[in-house]
Amino acid sequence: MNAPTSVAALAPTVKLLIGGRFVESQTTEWRDVVNPATQQVLARVPFATPAEIDAAVAAAQEAFRAWRRTPIGTRARIFLRYQQLIRENMAELAAILTAEQGKTLADAEGDVFRGLEVVEHAAAIGNLQLGELANNVANGVDTYTVLQPLGVCAGITPFNFPAMIPLWMFPMAIATGNTFVLKPSEQDPMVTMRLVELALEAGIPPGVLNVVHGGEAAVNALCDHPDIKAISFVGSTKVGTHVYQRASLAGKRVQCMMGAKNHAIVLPDANKEQTLNALVGATFGAAGQRCMALSVVVLVGEAREWVADFVAKAKTLKVSAGTEAGTDVGPLVSRAAHQRVTGLIERGVAEGATLELDGRDPQVAGYEQGNFVGPTVFSGVKPGMAVYEQEIFGPVACLAGAETLDEAIAFVNANPNGNGTAIFTQSGAAARRFQEEIDVGQVGINVPIPVPVPLFSFSGSRASKLGDLGPYGKQVVLFYTQTKTVTARWFDDSTVSQGVNTTISLK
Ligand code: NAD
C-alpha cells in the first residue's frame with residue numbers, strides 16, 4: 001500500500017456502491033491508482049472496512065427479496081438498455097481503461113467489447129433460464145425443473161481485463177435473479193466503476209449490484225460471509241486456490257478461473273506468414289498480460305528453423321503508451337510487475353535459455369517513467385527453467401522444439417496448466433488428432449487465443465480452473481441457479497384410487 005503523497009491526496013477517490021448509493025469509504029487504508037505509462041496518480045482506492053463489506057452484503061440480501069420475483073422479461077430488458085449504453089460510451093470507457101491499465105486504446109475497446117457480448121447474452125436470459133419438463137412420468141404425473149436464483153453472489157476480479165471480467169460476472173448473476181457484490185481489482189477499478197454507473201443508469205435497482213474495494217481482507221470477508229451463496233473468482237492460481245478452499249469450506253458454490261501457461265504447436269506445413277503474425281500478436285499483445293496469452297511456442301520438425309523470423313517480426317512491434325497511435329505493446333501494469341518480469345528474464349539467462357531478443361529497458365520517448373518491457377524472446381526453453389515453470393505475465397516468448405507432433409502433444413500435456421492451446425497447421429488430420437489428444441480446455445486451430453464467445457462457456461481446465469462450471473454461456477446459468485425438480489400429480493375426479501402405495505415406485 002502506498003502512503004498518499006500530497007499530489008495523490010488531491011486525486012479523486014473511488015467510491016463504494018452500497019444499496020444504490022455511491023459512498024465515500026470511512027477506511028484509513030488507501031492505495032493509489034497509477035497510470036502505468038506516466039506514474040501519474042489518477043485516483044485513490046479505499047480498502048473497505050468490515051462494516052462496509054457487511055453493509056454491502058446486507059443491501060444485496062435485502063434487494064434479493066424483490067429482485068428474485070422480478071419477471072424475467074423485466075430483468076432482460078435492463079440488459080438490452082445496458083448494452084446500448086456501453087456502446088454509446090465505448091470511447092470514454094476505453095480511455096479510462098488505457099489510462100489505468102496501460103493497454104492500447106484499440107485493445108481496451110476489445111476488452112470492453114468482449115464484456116459487452118456477455119451483456120447481450122444476459123439480455124437473452126429468457127431463452128437461457130428455461131427448465132425442462134417430462135410429461136406423464138407416471139400415471140397423471142409430470143416432472144419439471146425450475147432454475148431459481150441462489151441469493152447474494154460475489155465476484156472478485158483481476159487487473160488485466162477490468163471491463164470484460166466484471167462483465168463476465170454481474171450481468172449473468174443479476175439476469176438470473178441474484179443480487180451481487182463485486183470486488184474489482186484494486187489496481188485499476190475506475191473503468192469497472194464507470195461500467196457500474198452505466199448499469200445503474202440502465203435500470204438495475206438499488207442493492208441489486210453493490211461494489212466494495214480492497215485486497216486480501218475484503219476477499220476473505222466475502223469468502224467467509226454466511227449470506228453469500230456463490231463466488232466467482234478470476235485471478236492468479238495462488239489466490240484462486242485460496243479463495244476456492246476458503247469459500248468452499250464456508251459452504252459456497254465457487255468457480256475460479258486462474259493462471260496459465262498457454263502453448264502453441266507449430267507444424268512445418270503451417271502457413272508461415274499468417275502463423276507468425278498470429279503467434280507474435282498473441283504473445284506480445286496487451287504486453288503479455290492476458291490469461292490466454294501465448295507464452296510457449298513448440299516448433300515441430302523443420303519449423304524449428306523459424307526462430308529468426310519470429311524474432312524479426314517481434315522487433316517490428318512498437319512499444320509506447322497505449323494512447324499513442326500505432327502502439328502494439330503498452331506498459332506493464334505496475335512497477336512491481338515490471339520488476340517481476342525483468343527478474344524472470346534475468347533468471348532465464350542464468351538458467352541457460354538463449355536470449356534471442358532482449359526487451360529490457362526499451363527507450364520510449366516521452367514516457368521515460370513508464371513500466372515498459374519490449375518483446376523478449378527466449379529459445380531453447382526447457383521444463384525446470386523458471387521462465388517455463390512460472391506464468392511470466394509479460395511480453396516474453398519461450399520457444400521450444402520437438403521432433404514430432406506426438407512429442408509436442410506430450411510436452412503440452414505434461415504442463416499442469418489447461419487454459420488455452422493452439423495448433424498451426426494446414427493438415428486437418430493433424431489438427432483433429434491434436435483436438436482429441438490435447439488435455440487443455442480451450443483449443444484453437446489456427447486461432448491463437450481461443451476464448452469462446454458467450455454462446456459457449458469459458459472452459460479452462462486442470463490447474464487453470466477450480467469448480468466445474470465456467471463463466472458465461474450455458475454453464476453459468478447453472479452456476480448462478482439452483483435446479484429445483486418438481487414432481488406433480490393433479491388428481492382428477494375420475495381417477496380410480498389405487499389404494500395405499502407402500503413402495504418407492506411412482507404408479
Ligand atoms: P491476483 O490473483 O493477484 O488478484 C485477483 C484478485 O484477488 C484481486 O481482486 C485481488 O485484490 C485479490 N487478491 C490479491 N491477493 C490476494 C490475497 N492474498 N488474498 C485474497 N485476495 C487477493 O491476480 P491479478 O494479478 O490481478 O491478475 C492476473 C492473474 O489472473 C494471472 O494469473 C492471470 O492468468 C489470471 N487470469 C485468469 C483468467 C482466466 O480466465 N483463467 C483471466 C484473467 C486473468
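Read the numbers this way: they start at 1 and go in the same order the structure lists the ligands and their atoms.
A donor-acceptor contact closer than 3.5 angstrom is absent between the side chains of Asn160 and Gln101. Counted by atom type alone, Thr27 and Glu52 present zero donor-acceptor pairs between their side chains at under 3.5 Å.
The shell of residues lying under 4.0 angstrom from ligand 1, judged by heavy atoms, excludes Thr237. Ligand 1 lies out of reach of Phe47, whose nearest heavy atom is not under 4.0 Å from it. Under the 4.0 angstrom criterion for non-hydrogen atoms, Gly214 is in contact with ligand 1.
Of the protein's non-hydrogen atoms, Val239 CG1, 3.4 Å is the one closest to atom 22 (C) of ligand 1. Scanning all protein heavy atoms for the shortest distance to atom 41 (N) of ligand 1 gives Met258 O, 2.8 Å. The protein heavy-atom contact nearest to atom 27 (O) of ligand 1 is Pro158 CB, 3.2 Å. At the shortest separation from atom 35 (C) of ligand 1 among protein heavy atoms lies Gly235 O, 3.1 Å. For atom 36 (N) of ligand 1, the nearest non-hydrogen atom of the protein is Cys291 CB, 3.4 Å. Taking atom 31 (C) of ligand 1 as the reference point, the nearest protein heavy-atom neighbour is Glu391 OE1, 3.4 Å. Shortest contact from atom 19 (N) of ligand 1 to any protein heavy atom: Glu216 CG, 3.3 Å. The nearest protein atom to atom 24 (P) of ligand 1, hydrogens excluded, is given as Phe159 CD2, 3.6 Å; this is a heavy-atom distance.
Per-residue contacts place Ile165 under 4.0 angstrom from the following atoms of ligand 1 (heavy atoms of the residue considered): 42 (C), 43 (C). Listed by number with element, the atoms of ligand 1 under 4.0 Å from a non-hydrogen atom of Lys183 are 8 (C), 9 (O), 10 (C), 11 (O). Within ligand 1, the atoms closer than 4.0 Å to a non-hydrogen atom of Gly259 are 32 (O), 34 (O), numbered from 1 in the order shown. Applying the 4.0 Å criterion to heavy atoms of Ile156 picks out, from ligand 1, the atoms 6 (C), 7 (O), 9 (O). Shown in contact with Phe233 at under 4.0 Å from a heavy atom are these atoms of ligand 1, numbered in order with element: 2 (O), 5 (C), 6 (C), 7 (O). Shown in contact with Trp168 at under 4.0 Å from a heavy atom are these atoms of ligand 1, numbered in order with element: 40 (O). Per-residue contacts place Ser236 under 4.0 angstrom from the following atoms of ligand 1 (heavy atoms of the residue considered): 1 (P), 2 (O), 23 (O), 29 (C), 30 (O), 32 (O).
Dense packing is recorded around CZ of Phe22, with more than 12 heavy atoms of other residues, nucleotides or ligands lying under 6.0 Å away. More than 12 heavy atoms of other shown residues, nucleotides or ligands fall within 6.0 angstrom of atom CD in Glu92. For Arg462, the CZ atom is densely surrounded, since the number of other residues' heavy atoms within 6.0 Å is greater than 12. In Lys318, the NZ atom is crowded: over 12 heavy atoms of neighbouring residues, nucleotides or ligands sit closer than 6.0 Å.
For Asn417 (side chain) and Asn419 (main-chain N/O), no donor-acceptor pair under 3.5 Å exists by modelled atom type.
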With ring-ring contact (aromatic ring centres under 6.0 Å, His included) as the test, would you mind laying out the steps for His263 and Tyr388 before giving the verdict? CA-CA 11 Å; His263 294 57; Tyr388 184 76; 5.5 Å; yes
Between Lys103 and Asp188, is a salt bridge (Lys or Arg N to Asp or Glu O under 4.0 Å) present by the stated rule, with each step listed? CA-CA 12 Å; Lys103 65 180 69 172; Asp188 48 12; over 6 Å; no
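Interatomic distance, OG1 of Thr275 versus CG of Asn446, reported as 6.0 Å (0.5 Å rounding). Distance check: Gln475 CD to Gln255 CD gives 9.0 Å after rounding to the nearest 0.5 Å.
Neither the backbone nor the side chain of Val243 comes within contact range of ligand 1; no heavy atom lies under 4.0 Å.
Inclusion of His242 in the set of residues having an N or O under 3.5 Å from an N or O of ligand 1 is not warranted. Residue Glu186 has at least one nitrogen or oxygen atom sitting less than 3.5 Å from a nitrogen or oxygen atom of ligand 1, judged on distance alone. In terms of polar-atom proximity, defined here as any N/O pair under 3.5 Å, Ser185 makes no such contact with ligand 1. Between Asn160 and ligand 1, a contact under 3.5 Å exists for no N or O pair.
Per-atom contact check: atom 4 (O) of ligand 1 does not touch the protein, criterion being a heavy-atom distance below 4.0 Å.
Just one residue in the list Leu195, Ile204, Leu200, Leu116 forms a side chain to side chain contact (heavy atoms under 4.5 Å, CB included) with Tyr82, and that residue is Leu195.
Evaluation of the ring pair (Phe, Tyr, Trp, His ring centres under 6.0 Å) test over residues 158-192, restricted to residues two or more places apart or in two chains, returns Phe159-Phe393, Trp168-Phe458, Trp168-Tyr472.
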Output a table of donor-acceptor pairs, distance under 3.5 Å, between side-chain atoms of residues 9-20 and any protein atom two or more places apart or on a different chain; print 'none' if there are none.
unit_1: Thr13; atom_1: OG1; unit_2: Lys15; atom_2: NZ; d: 2.7
unit_1: Thr13; atom_1: OG1; unit_2: Glu24; atom_2: OE1; d: 2.8
unit_1: Thr13; atom_1: OG1; unit_2: Glu24; atom_2: OE2; d: 3.2
unit_1: Lys15; atom_1: NZ; unit_2: Thr13; atom_2: O; d: 3.1
unit_1: Lys15; atom_1: NZ; unit_2: Glu24; atom_2: OE1; d: 3.1

